Number of protein chains: 2
Amino acid sequence: MKRAKKKVFADFMSQKGLKSTKQRDIILDCFLSSDRHLSIEELYLKLRSKHPNIGYATVYRTLKLFAEAGIAREMQFGDGQTRYEHVSEGEHHDHLVCTRCGHIEEFENETIEKLQDEVADSRGFLIERHRLEIYGLCANCRK
Amino acid sequence: MKRAKKKVFADFMSQKGLKSTKQRDIILDCFLSSDRHLSIEELYLKLRSKHPNIGYATVYRTLKLFAEAGIAREMQFGDGQTRYEHVSEGEHHDHLVCTRCGHIEEFENETIEKLQDEVADSRGFLIERHRLEIYGLCANCRK
DNA sequence: GCCATCATGAAAGTGACATTCATTGACATT
DNA sequence: AATGTCAATGAATGTCACTTTCATGATGGC
């Protein structure tokens, strides 16, 4: 899976006439071996320990490239930071966000999606995408 | 309804020992006679034409007061601007957001809410609030 | 190896809040 | 009416999270 995404990214880059660099390889490795929901800042700090010479701007631009290549997705959870989520082949899911520890869980619910379609239909609305986030306390933080 | 909200705000202010001022009255009037989803910037610009002496900071602080008083609610739609929505008495709803014209419609669906509760329960998650937004083309923009 | 491009990173810029602080204004007290 | 008190105001400034610029530094096709 990790290897597959590396290939997707390599293909995307060569197709776009962009170059493979040490930094991009390092950032991709770090991203793929991280949490599923990571902010630029978090990834930057994680990299700094081993690669203090990689700049914030490079992490920022590289994550944008990941998004364009389809291996990452930009997400806003209302804390003022953009997070990047791993994307796996056309899959979609919604989120449970813990307001105490920041932990993010994913879930899917076919019935909810279907009801959304019905709502949209009844208003003549054509759905492009949606977001559903449930905020509260995760099982751990409820103790 | 407009009168009712003015009373709610007046009560909140006197209860908190805060003062009623010309500016706050003007901002409340302008807010109540506006779109249901307004950013600080939009409200500020709308006010400037008639009241060029009201500062951005005052609009900003006054909208926060409205939110505290329960007559407005802060919302993020991912465009980087906080929007304030009119609140009517403990009501909740979700949104259909048109990606072309920016039009925002509201909807409620009891079944979706119930399914969300089930998902949260199954993960031991305690819901505080949620957000559901459907992005796409409104009936008008589909033509 | 040469060189036209692309990539990098330090620094500066941007936009949308959020805060500061000197001044103003509203009411209560002399 | 003048003064005192203290919250409210708004111009200016600060903050934060990006976002862009620009002077180098790398890369990949001949």
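Excluded from the calculations below are hydrogen atoms, water molecules and symmetry mates; all remaining heavy atoms, backbone and side chain alike, are included. A, B, ... follow the sequence lines: proteins, then strands. Residue 1 opens every chain. All of these numbers come straight from a predicted model, not from anything done at the bench.
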By nearest atom, which of the nucleotides [options] is closest to the [X] side chain?
X: A/Tyr60; options: C/dG9, D/dT19, D/dG10; answer: D/dT19
X: A/Thr58; options: C/dA7, D/dC18, C/dG9; answer: C/dG9
X: B/Ile54; options: D/dT9, D/dA17, D/dG10; answer: D/dG10

Between [N] and [X], is there an OP1 or OP2 to side-chain N/O distance shorter than 4.0 Å?
X: A/Gln23; N: C/dG9; result: yes
X: B/Gln81; N: C/dG15; result: no
X: A/Lys64; N: D/dT19; result: yes
X: A/Arg24; N: C/dC6; result: no

On DNA chain C, compare the nucleotides closest to A/Leu65 and B/Glu74; which residue's is nearer the 5' end?
A/Leu65
Pairwise 5' ranking along DNA chain C for B/Ser39 and A/Leu18, keeping only the more 5' one
A/Leu18
Interatomic distance where CE belongs to A/Met13 and P belongs to C/dT5 [whole Å]
18 Å
Mutual orientation of the aromatic rings belonging to B/Phe66 and B/Phe31 [parallel < 30°, tilted 30-60°, perpendicular > 60°]
tilted
Residues in side chain to side chain contact (heavy atoms under 4.5 Å, CB included) contact with A/Glu85, at least two apart in sequence or another chain
A/Arg36, A/His37, A/Arg73, A/Met75, A/His93, A/His95, A/Glu106
Which side-chain hydrogen bond (donor to acceptor under 3.5 Å, both in side chains) pairs, counting each pair once, include a residue from residues 108-117 of chain B, with sequence neighbours left out?
B/Glu113-B/His130, B/Gln116-B/His130
Nucleotide-resolved protein contact map, nucleotides 20-27 of chain C, B/S/- at heavy-atom distance under 4.0 Å
B-----S-
When you check the side-chain N and O atoms of A/Gln76 and A/Thr82, is any donor under 3.5 Å from an acceptor?
yes
Could you tell me whether B/Arg83 and B/Glu74 have a side-chain N and a carboxylate O separated by less than 4.0 Å?
no
May I ask you to say whether B/Asp29 pairs ionically with B/Lys6, meaning some side-chain N is under 4.0 Å from a carboxylate O?
yes
Which one is paired to C/dT30, where only Watson-Crick or G-U wobble pairs with both distances under 3.5 angstrom count?
D/dA1
